[in-house]
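Atoms within each ligand, like the ligands themselves, are counted from 1 in listed order.
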Amino acid sequence: MKCRKCGERAAIKLYQHNLSLCREHFCEFVEERVKKAIHDFCMFEKEEKILVVISGGKDSLALSYILNKLGYSVSLLYIDLGIDEYSDNSRKFCEEFARKFALSLKIISLREEWGKGIRAFCCQTYKSICSLCGLVKRYYFNKVAYEEGFDVVATGHNLDDMVSALLSNLLGWRTSYLVKQLPLLPEEGRLKKKAKPLIYLTERETAAYAFLSGISFLREECPYSRDASFLRMKHLLNEVERSSPGTKFSFYRGFLEKRHLFQEQEEKVDLKDCLLCGFPSLLEICSFCKTFRKEEVKNAGKI
Ligand code: FES
Ligand code: ZN
Ligand code: ZN
């Protein structure tokens with residue numbers, strides 16, 4: 001198998017593009033896909049300050065590496081949920097990455113902030129760690145981006161993440177969630193814009209890029225995400241992609257073209273400022289404060 005660009009030994013075959021590439025040309029291909037996504041959706045400019053949320057996994061580290069290589073102003077944020085060895089390991093990969101590429105890294109640790117790991121905060125509303133995890137991460141990246149003057153929050157969601165969420169929401173006809181599966185969400189009050197520059201790349205491509213670029217990343221999956229329904233969707237979509245390469249991409253592109261069909265289903269909600277933390281909330285007290293600041297909520301007479 002030879003690289004189509006230079007004739008050297010190919011490192012990877014990209015079935016959906018019917019293209020074999022060597023290490024150098026594959027890395028170039030990946031970086032071009034990221035540039036294209038940033039450009040197509042006007043995600044950000046060189047002078048904007050980007051906060052990249054990292055987990056120690058291949059996607060977020062590859063994204064940080066590429067943005068830094070392309071000359072963007074990148075800072076990293078790692079949220080340590082206190083999930084036993086898994087969090088300790090992922091934190092180590094993040095620290096090592098930041099050191100190696102001389103990037104600034106902020107770490108927020110639930111155990112340091114609240115004295116306990118995430119498991120202790122599961123409750124009636126957030127029964128599983130997995131559902132609470134999204135709330136915690138969103139709260140902190142919005143807070144850090146706002147308080148520290150970032151222009152944009154970038155996350156390492158790849159094409160597989162987007163299409164599996166899309167399929168899951170389609171199967172349940174959750175149209176108000178469907179319309180939010182976008183590569184760029186605009187700034188809204190204290191919430192900075194959110195960008196997903198890896199949307200033109202599959203999980204296999206980001207993993208290969210991280211490996212071929214010499215990035216050390218955590219291969220272990222979070223012990224609590226194993227049963228998540230989106231993982232089942234990913235397996236399913238991989239099966240379809242195997243027999244019909246390019247399906248994931250055309251599914252997502254089709255959604256972007258037809259998104260207007262669901263637009264009117266988008267619920268227009270009036271967000272208030274949470275009485276305790278000041279961040280946008282549907283109710284007087286936001287879900288994060290309700291879960292983590294129970295005493296204060298009680299004292300404020302809100303439960
Ligand atoms: Fe979110 Fe494991 S990282 S539940
Ligand atoms: Zn080549
Ligand atoms: Zn709040």
Side-chain angles (χ1 to χ4, degrees), residues 1-14 17 19-32 53-57 59-60 77-91 93-94 108-110 113-114 117-122 125-143 146-147 155-157 161 165 189-191 208 212 218 220-231 271-300 302-303:
M1 199 168 65
K2 294 220 175 346
C3 170
R4 194 198 283 176
K5 294 236 167 139
C6 66
E8 289 294 312
R9 217 178 109 227
I12 187 166
K13 173 154 186 159
L14 306 172
H17 305 288
L19 181 65
S20 299
L21 295 171
C22 67
R23 193 193 77 85
E24 184 195 334
H25 287 115
F26 170 68
C27 291
E28 196 179 285
F29 164 88
V30 168
E31 289 153 18
E32 286 304 318
V53 189
I54 57 169
S55 63
D59 302 302
S60 57
L77 170 68
Y78 172 69
I79 301 161
D80 182 340
L81 300 171
I83 304 176
D84 315 320
E85 256 179 49
Y86 171 76
S87 290
D88 298 338
N89 289 343
S90 50
R91 184 173 175 151
F93 278 97
C94 293
I108 291 193
S109 155
L110 283 194
E113 297 259 315
W114 303 95
I118 192 166
R119 194 179 291 114
F121 295 94
C122 286
T125 321
Y126 295 99
K127 292 196 179 78
S128 70
I129 290 183
C130 206
S131 59
L132 192 50
C133 157
L135 172 83
V136 172
K137 287 184 179 163
R138 270 194 308 277
Y139 177 78
Y140 279 115
F141 69 58
N142 283 325
K143 185 168 157 41
Y146 174 75
E147 290 178 351
T155 55
H157 292 94
D161 297 322
R190 286 190 183 197
L191 307 177
L212 294 170
L218 181 71
E220 199 185 319
E221 289 279 355
C222 166
Y224 295 101
S225 66
R226 265 178 219 146
D227 292 332
S229 70
F230 81 92
L231 280 185
L271 294 175
K272 310 173 191 20
D273 292 343
C274 168
L275 288 177
L276 293 179
C277 70
F279 272 82
S281 166
L282 284 174
L283 303 167
E284 277 183 304
I285 308 264
C286 75
S287 306
F288 182 89
C289 290
K290 268 194 196 144
T291 314
F292 284 79
R293 300 191 168 95
K294 286 210 168 76
E295 270 309 302
E296 288 171 69
V297 176
K298 226 185 263 170
N299 294 340
K302 298 296 174 193
I303 44 173

- Message: Classify the ring geometry of Phe292 against Phe121: parallel below 30°, tilted from 30° to 60°, perpendicular beyond 60°.
- Response: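 Phe292 vs Phe121 ring planes: parallel.
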Is Arg190 paired with Asp273 through a side-chain N to carboxylate O contact shorter than 4.0 Å?
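No, this pair does not count.
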task: Below 4.0 angstrom from a heavy atom of Lys137, which ligand 1 atoms are there? Numbered from 1 as shown, please.
output: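 Per the distance check, 3 (S).
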Checklist entry - Quick one: does Thr125's side chain get under 4.5 Å of Thr291's, heavy atoms only? => result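 The answer is no; the side chains never approach within 4.5 Å.
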- Quick one: are Phe288 and Arg293 in side-chain contact, heavy atoms under 4.5 Å?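 The answer is yes, as the side chains (C-beta and beyond) meet within the 4.5 Å cut-off.
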Mind checking whether atom 1 (Fe) of ligand 1 has an N, O or S of Cys133 under 2.8 Å?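 Here the distance criterion (N, O or S atom, under 2.8 Å) is met by Cys133, so yes.
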Quiz item: Quick one: angle Cys22 SG - the Zn ion (ligand 2) - Cys6 SG, to the nearest 10°?
Solution: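 Approximately 110° at the metal, rounded to tens of degrees.
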Tell me the protein heavy atom at minimum distance from atom 2 (Fe) of ligand 1, and give that distance in Å.
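Looking only at protein heavy atoms, the one closest to atom 2 (Fe) of ligand 1 is Cys222 SG, 2.0 Å.
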query: Does NZ in Lys2 sit with more than 12 non-hydrogen atoms of other residues, nucleotides or ligands closer than 6.0 Å?
result: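 Counting neighbours around NZ of Lys2, 12 or fewer heavy atoms of other residues, nucleotides or ligands fall under 6.0 Å, so no.
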For the Zn ion (ligand 2), give me the closest N/O/S atom belonging to His25, just the atom name.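 Going by distance to the Zn ion (ligand 2), the closest N, O or S atom in His25 is ND1.
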Test of geometry: compute the angle SG(Cys286)-the Zn ion (ligand 3)-SG(Cys289) and round it to 10°.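 Vertex the Zn ion (ligand 3), arms to SG of Cys286 and SG of Cys289: 110°.
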